[in-house]
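First comes the structure, then the notes that go with it.
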Amino acid sequence: MSELANEACEACTSEDEPLVENEYAEYRDELRDDVWEVVDDHHLEATYNFEDFRDALEFTYEIGELAEEEWHHPDISLEWGEVNVEMWTHKIDGLHKTDFVMAARMDRIHKQYG
């Protein structure tokens with residue numbers, strides 16, 4: 001499992017710059033390739049698959065609780081057997097290390113549904 005998931009979610013300031021590919025590449029490597037992709041060097045998108053609606057719903061609830069805990073809120077959509085996540089740091093209109101930490105934590109939560 002990714003060590004990134006154990007790191008703290010640190011808030012950025014409006015003076016921080018969004019990460020560029022050579023800065024986020026090592027973080028991206030710690031996320032599930034079959035779930036996450038970086039889109040336009042701006043945001044992360046994920047699709048988590050489930051065998052039923054109940055598990056997808058429970059996962060959605062768990063990542064919602066994580067978002068509240070860390071005060072870092074992704075866009076989440078729920079369908080039968082699928083949860084889609086879109087995430088970036090709005091304050092800097094791009095990617096921050098915290099986005100990758102949150103993604104790694106979501107991967108860790110999803111592993112429970114394996």
Taking side chain as C-beta onward, heavy atoms only, is [X] less than 4.5 Å from [Y]?
X	Y	answer
R54	E58	yes
I76	N84	no
L44	V38	yes
M102	E70	yes
R28	W36	yes
H72	D99	yes
L31	D107	yes
V85	D75	no

Following the transitive rule for hydrophobic clusters with a side-chain heavy-atom cut-off under 4.5 Å over Ile, Leu, Val, Met, Phe, Trp and Tyr, establish whether [X] and [Y] coincide in one cluster.
X	Y	value
F50	L57	yes
I109	F53	yes
F59	L78	yes
W80	Y113	yes

Begin from the C-alpha positions of Y27 and V101 and carry the test side chain to side chain contact (heavy atoms under 4.5 Å, CB included) through to its verdict. CA-CA 8 Å; Y27 306 137; V101 171; over 6 Å; no
Checking [X] side chain against [Y] main chain: does a donor-acceptor pair fall under 3.5 Å?
X	Y	answer
D16	T13	yes
R105	E7	yes
E86	A46	no

Nearest non-hydrogen partners of L4 and K97, listed with the distance: CD1-CE, 4.0 Å
As a quick check of understanding, evaluate side chain to side chain donor-acceptor pair (under 3.5 Å) for E68 and H73, giving each step before the final call. CA-CA 7 Å; E68 278 293 288; H73 302 94; 2.7 Å; yes
Under 6.0 Å from the CD atom of E51, do we count more than 12 heavy atoms belonging to anything else shown?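 Check fails, neighbour count at 12 or below.
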Kindly determine whether H110 and Q112 satisfy side chain to side chain donor-acceptor pair (under 3.5 Å), including the steps that lead there. CA-CA 5 Å; H110 185 258; Q112 300 170 42; over 6 Å; no
